[in-house]
Amino acid sequence: MGSIGVLTAGGDCPGLNAAIRAVVTRARAAGKDVIGIEEGWQGLMGGTTRRLDRDDVRGILGRGGTILGTSRRDPYVHGDGFESLRDSVESLDIESVVVIGGDGSLRTAARLQEDGLPVVGIPKTIDNDIGHTDVSLGFHTAVQIVVDAIDRLTTTAESHNRVMVVEVMGRTAGWIALCGGMAGGAEAILVPEVGTDYDHLASRIRARHEAGHDYTLVVVAEGTPGPGGEVSSTGVDPYGFSRIGGVCQAVAGELERRTGFEARPVMLGYLQRGGTPTAFDRVLGTRFGVRAAELALDGDSGVMVSLQGDEIMPVDIASAVEEPRNLDPARFKEATWFFA
Ligand code: F6P
């Protein structure tokens, strides 16, 4: 009897261990062998795997990160596609792989499916930019971390009459900024999907301060072009991906120059990906993992589990990663009623 492989690939996020635990528990309950693949696709390319049993995944539900490790190595970019994995897949008798990944890793999974490796995807990314699912694993926790930070930054901004510019992650999507900013009561939210009018923003801030509310909380998504029109980046990572980040510096400088109020940049960075998942992400990871294991046990492949309302549904994996799920302009409009 063959085995099911499970791996986590791409950037980590809270909730990955909940999903791993669920895949292993459900598959082992059916008597299926589970192979934990380490460091994403790298584990199949380099053969670093370990058998996982129920006892190996006890006590990890609330733990951040991933017990399997992760990486951005991609068999199509750093190897020979399916050929780089074939030896491991055959020697471990892997019938299908549950891929817990973001859009890049799921796109690779869809390609491998076409080339002959059966896959079942679980959408995870704090960016929440994967299509055909209401939400991705990890997003809820990242938003909660942003809100906790905004609550703290608001009291210090208030004490010093400052403009606080809080940069959040999201790559090209503004979901974390929108939901974090809305829940934190930000006076302005800047996202890549909606252009920023700095004249208008500065005059709104001035008017707010003149009316006696002399501090302002601005949330900016990392992928938003700065005042100069460029997306800020600190270079390229070892896998060739742009290291997006740093726009809060330019935005704070611009707002200070235009309004005359003291402005401070704060980049939340990797705090948003670390630590314990919220109850929502623990439940979502568990439900995603149980369903993914059941699909693999039934011999289904080429699918990704998704949340549709309250149901966990399989969708075609290739269609899900065709287009990034950008912010819905109607959702952004709802937030604007509360701007300064
Ligand atoms: O895709 C998730 C994410 O956290 C983005 O929001 C961010 O731009 C990127 O990953 C950072 O990636 P890395 O861990 O490679 O620096």
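The structure displayed is predicted, hence computed values, not measured ones. Whatever order the structure lists ligands and atoms in, that order sets their numbers, starting from 1.
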Just jot down the ligand 1 atoms closer than 4.0 angstrom to any heavy atom of Gly170, in number order. 6 (O)
Can the ring centroids of His78 and Tyr239 be said to lie less than 6.0 angstrom from one another? yes
For atom 2 (C) of ligand 1, the closest protein heavy atom turns out to be Asp127 OD2, 3.3 Å
Whether Glu222 and Arg171 form a salt bridge (side-chain N of Lys/Arg under 4.0 Å from carboxylate O of Asp/Glu) is what I want to check. no
If you take the nearest heavy atom of each of Arg171, Met169, Arg273, which one is closest to atom 10 (O) of ligand 1? Arg273
Of the backbone atoms (N, CA, C, O) and the side-chain heavy atoms from C-beta on, which set of Ile244 has a member under 4.0 Å from an atom of ligand 1: side chain, backbone, both, or neither? neither
Applying a 4.0 Å heavy-atom criterion (strictly less than), which segment of Gln272 is in contact with ligand 1: side chain, backbone, both, or neither? neither
So, Ser306 side chain and Val315 main chain: donor-acceptor pair closer than 3.5 Å or not? no
Go through ligand 1 atom by atom and flag the ones less than 4.0 Å from a non-hydrogen atom of Tyr270. 13 (P), 14 (O), 16 (O)
Residues forming a ring pair (Phe, Tyr, Trp, His ring centres under 6.0 Å) with His132, sequence neighbours excluded: none
Counting from 1, what ligand 1 atoms have a heavy atom of Glu222 closer than 4.0 Å? 5 (C), 6 (O), 7 (C), 8 (O)
Mind checking what makes ring pair (Phe, Tyr, Trp, His ring centres under 6.0 Å) contact with Phe338, not counting sequence neighbours? none
What part of Phe241 sits under 4.0 Å from ligand 1 if we count only heavy atoms: the side chain, the backbone, both or neither? neither
Could you verify whether a donor N or O on one side chain and an acceptor N or O on the other, from Thr70 and Asp12, lie under 3.5 Å apart? no
Just checking, any donor-acceptor pair under 3.5 angstrom between side chains of Arg208 and Thr216? yes
Near Arg72 (heavy-atom distance under 4.0 Å), the atoms of ligand 1 are 9 (C), 10 (O), 11 (C), 12 (O), 13 (P), 14 (O), 15 (O)
